[in-house]
Amino acid sequence: MTLLIRDGTIVDGSGGKPFRGDVCADDGVIKVVETSASSPGRCPMADETIDANGRIVCPGFIDIHRHCDVAALRGDFGLIEISQGISSCFAGNCGMAPVPNAPESRLSLQNYLEPCLGSFAKEVFHTHSEYLKRLRSVPLAINIGFFAGMGAIRTAIKGFENTPLTLGQMVRARSFLQDALDCGAFGMSIGLIYVPEIYSTAAEIAGLASVMKGGKGILCAHMRWESDRLVHAVREVIDIAKKAGVPLEISHFKAAGVNAWHGVLHEAIETIEAERAKGFDVTVDFYPYDCSASTMMQMLPPSYLAMGPEEAIAGLDKRENVEKIRKLFAEGEKDWDNLSQTRGWNRTIISSVSLEENRKFLGKSVTACTKEYGYRDEVEFTAKLLHSENGKVSVISRSMSQDDIDTIARLPYSSLISDSLYGNMENPHPRLYGAFPHFLRDFVLERKVLDLSEAIRKMTSLPAWRVGLKNRGFLRSGYKADILIFDPADFIRCKGAQRLSALR
Ligand SMILES: [Zn+2]
């Protein structure tokens with residue numbers, strides 16, 4: 001089928017100046033992109049013609065960071081994504097993935113990941129090949145790619161144990177990663193703030209990631225610290241990637257926590273740019289909001305979680321365990337980003353629970369809940385809530401400064417992502433539904449942090465190049481016809497964003 005899109009404002013993904021023109025595509029491949037003046041006759045026999053006068057015509061958006069591993073298997077997957085212009089997305093981020101999994105730890109993995117990925121309790125896949133087969137069994141409305149998650153690999157080998165991989169275990173880990181790459185994974189992700197990867201040494205991660213040496217994949221890193229030790233964290237992942245011989249993408253780059261604002265970020269950027277100047281391939285991504293979101297479990301001290309997340313949660317009704325974590329929260333522990341201090345209980349908002357009796361906490365900070373409902377302190381409240389919910393609580397954290405996000409948005413090597421979570425569909429962070437249009441409206445149309453062409457480059461050709469997609473991300477002859485047509489005037493402030501700002 002030949003399609004002609006006539007007379008639109010073409011933003012081709014390169015960051016170059018928009019121009020008025022036509023796009024002609026045949027059987028899903030772009031044939032001609034040209035200015036309106038020169039077009040007559042180049043696409044004469046179109047089966048369908050779309051008049052794009054007054055609209056932007058650009059490549060479909062590419063979101064390299066969604067947590068849609070399990071959501072992609074639901075029948076309605078794609079609606080949320082296509083509604084905001086996304087035509088390709090990537091799962092398996094932050095070390096989290098439903099595969100590989102081993103029979104003895106599968107349930108723990110599923111329970112731990114559920115607030116971020118949604119439930120896969122009823123799915124039967126254990127390996128990447130089985131997961132891929134399952135993915136292929138559903139009609140997908142958009143393109144989907146994935147990364148291997150180091151957290152899942154480690155859990156499949158040794159559960160949530162807090163010891164490094166032995167030599168024999170490293171051999172198995174490498175074969176799991178190889179299997180994922182053979183199934184088409186674009187690289188490996190790590191989430192060094194989460195158990196069990198928090199127990200991984202830099203040498204261990206580099207040893208595993210080196211499977212991807214020679215252009216077989218990239219390393220996407222959710223770093224060990226995102227607050228006062230940001231520079232140290234950047235240094236750590238750069239050293240890991242250099243040692244492994246792989247390109248590095250720093251995931252959801254930010255300076256989190258009030259004490260980290262307006263300072264460490266600039267030092268972290270200098271560290272990155274010094275490496276880029278030396279020729280090391282490191283890039284970053286970000287989402288366009290000043291609040292982050294995750295599972296509340298990630299706030300617990302790693303030495304307490306070492307017994308395994310399920311036992312740790314079950315034990316939170318015991319006075320001695322609450323005392324133990326109270327002490328850890330107050331004193332901290334080595335190499336742990338203690339979010340209760342760096343981001344603060346008062347900036348941590350409860351965003352999802354499963355029990356009716358806990359719904360009264362929704363939309364309130366941990367500190368507010370503690371005071372309003374008469375708990376001794378935030379630690380007691382957190383312990384009781386996580387225990388009653390079996391750990392399945394999501395939080396939104398008011399952790400970033402807009403100035404810092406704008407600084408990251410202006411970096412020529414930063415891609416836009418959403419970091420969408422699919423565990424909590426009732427009261428999610430608005431990035432799930434609106435990250436891409438919100439970016440255009442807020443950063444381009446209203447506050448003018450970037451111009452339209454540059455913003456679209458960050459949502460198309462830059463992420464495509466980053467993950468190694470060779471034929472998407474540009475409106476150019478020979479590229480796949482993932483084409484988006486929209487009118488920016490249609491953008492309205494989404495309800496989620498309103499709700500989020502109402503939390504302040
Ligand atoms: Zn992450």
Side-chain angles (χ1 to χ4, degrees), residues 67 70 94-96 98 101-121 149 151-152 154-156 158-163 191 193-199 293-330 333 336-340 343 345 348-362 366 369-370 373 375-397 421-424 427:
H67 290 278
V70 182
C94 304
M96 299 178 187
N101 60 67
E104 60 277 13
S105 55
R106 189 179 199 282
L107 188 63
S108 308
L109 181 75
Q110 131 69 30
N111 282 336
Y112 186 61
L113 297 184
E114 192 176 320
C116 295
L117 306 189
S119 175
F120 55 97
R154 215 177 187 280
T155 310
K158 56 191 304 174
F160 288 86
E161 272 179 48
N162 63 346
T163 50
I193 200 167
Y194 299 110
V195 292
E197 289 165 276
I198 201 165
Y199 312 123
S294 195
T295 162
M296 196 182 204
M297 286 271 286
Q298 67 154 343
M299 299 186 78
L300 291 178
S303 65
Y304 178 68
L305 283 170
M307 67 176 84
E310 281 168 323
E311 265 184 65
I313 292 303
L316 282 177
D317 61 342
K318 295 196 179 63
R319 183 193 284 259
E320 65 269 24
N321 284 339
V322 178
E323 278 307 321
K324 190 172 163 182
I325 62 167
R326 180 174 284 119
K327 194 160 179 289
L328 290 164
F329 274 125
E333 54 182 288
W336 174 43
D337 192 347
N338 181 355
L339 302 186
S340 74
R343 302 190 187 184
W345 293 121
T348 303
I349 318 286
I350 310 297
S351 63
S352 85
V353 293
S354 58
L355 301 177
E356 193 57 39
E357 75 223 42
N358 290 331
R359 291 181 65 83
K360 58 182 184 276
F361 303 131
L362 291 177
V366 172
C369 294
T370 302
Y373 296 96
Y375 290 90
R376 174 180 156 187
D377 59 8
E378 286 94 339
V379 179
E380 185 189 70
F381 169 75
T382 300
K384 289 219 156 115
L385 181 63
L386 282 172
H387 179 75
S388 71
E389 291 281 342
N390 196 20
K392 293 170 190 171
V393 180
S394 308
V395 289
I396 287 179
S397 168
L421 306 177
Y422 288 80
N424 160 25
N427 205 19

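- Residue pairs satisfying the salt bridge (charged side-chain N to carboxylate O under 4.0 Å, His left out) criterion with at least one member in residues 109-118, sequence neighbours excluded, are listed as follows: Glu114-Lys392.
- Listed for the Asn101 side chain is a donor-acceptor partner under 3.5 Å among the backbone atoms of Pro98.
- Ser303 and Lys324 share no donor-acceptor pair across their side chains, judged by distance under 3.5 Å alone.
- At least one donor-acceptor pair closer than 3.5 Å links the side chain of Ser351 to the backbone N or O of Ser394.
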Go through the steps for Ile350 and Met296 under the test side chain to side chain contact (heavy atoms under 4.5 Å, CB included), then give the verdict.
-> CA-CA 8 Å; Ile350 310 297; Met296 196 182 204; 3.9 Å; yes
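- If you check the side chains of Glu389 and Ser354, you find a donor sitting under 3.5 Å from an acceptor.
- Interatomic distance, CG of Leu328 versus CD of Glu333, reported as 5.0 Å (0.5 Å rounding).
- Met299 has its side chain out of reach of Leu386: every pair of non-hydrogen atoms, C-beta onward, lies at least 4.5 Å apart.
- In this structure, CD1 on Ile193 lies 11.0 Å from CD on Glu197, to the nearest 0.5 angstrom.
- Of all heavy-atom pairs spanning Phe160 and Gly308, the tightest one is CB-CA, 4.2 Å.
- Between atom CD of residue Glu380 and atom CZ of residue Arg319 there is a gap of 9.0 Å, rounded to the nearest 0.5 Å.
- Shown here for Cys94 and Tyr194, the closest heavy-atom pair between the two residues is O-CD1, 3.9 Å.
- Annotation: side chain of Leu109 is in contact with side chain of Phe120 (closest heavy-atom distance under 4.5 Å).
- Within 6.0 Å of NZ in Lys360 there are more than 12 heavy atoms belonging to other residues, nucleotides or ligands.
- Rounding to the nearest 0.5 angstrom, the gap separating the CG atom in Leu385 from the CD atom in Glu378 is 13.0 Å.
- Taking a cutoff of 4.0 Å between a charged side-chain nitrogen and a carboxylate oxygen, Glu357 and Lys384 do not qualify as a salt bridge.
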For the pair Tyr422 and Val70, evaluate side chain to side chain contact (heavy atoms under 4.5 Å, CB included) and give the outcome as yes or no after the intermediate values.
-> CA-CA 8 Å; Tyr422 288 80; Val70 182; over 6 Å; no
Carefully, step by step, assess Thr295 and Leu421 under the rule side chain to side chain contact (heavy atoms under 4.5 Å, CB included).
-> CA-CA 10 Å; Thr295 162; Leu421 306 177; over 6 Å; no
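- When only modelled atom types and interatomic distance are considered, Thr155 and Tyr112 share no side-chain donor-acceptor pair under 3.5 Å.
- Proximity of Ser397 to Leu339: side-chain heavy atoms (C-beta onward) are nowhere separated by under 4.5 Å.
- When side chains are defined from C-beta on, Ile325 counts as touching Leu316, because their heavy atoms get closer than 4.5 Å.
- Smallest separation of non-hydrogen atoms from Trp345 and Thr382: CZ3-OG1, 3.3 Å.
- Here the closest heavy-atom approach between residue Ala293 and residue Ile396 is recorded as CB-CG1, 4.0 Å.
- Side-chain contact between Met297 and Val195 is absent, with no heavy atoms from C-beta onward closer than 4.5 Å.
- Listed for the Asn162 side chain is no donor-acceptor partner under 3.5 Å among the backbone atoms of Tyr199.
- Across all non-hydrogen atoms, the minimal contact from Val322 to Ala383 is CG2-CB, 3.9 Å.
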Would you sort out whether Val393 and Asn358 count as a side chain to side chain contact (heavy atoms under 4.5 Å, CB included), showing the intermediate values?
-> CA-CA 10 Å; Val393 180; Asn358 290 331; over 6 Å; no
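- Side-chain atoms of Arg154 come within 3.5 Å of backbone N or O of Glu161 as a donor-acceptor pair.
- Taking 4.5 Å as the limit, some side-chain heavy atom of Phe329 sits within range of a side-chain heavy atom of Leu300.
- Looking only at distances, no side-chain donor or acceptor of Tyr304 sits under 3.5 Å from a matching main-chain atom of Asn321.
- The two residues Ala156 and Ser105 have their closest heavy-atom pair at CA-OG, 4.2 Å.
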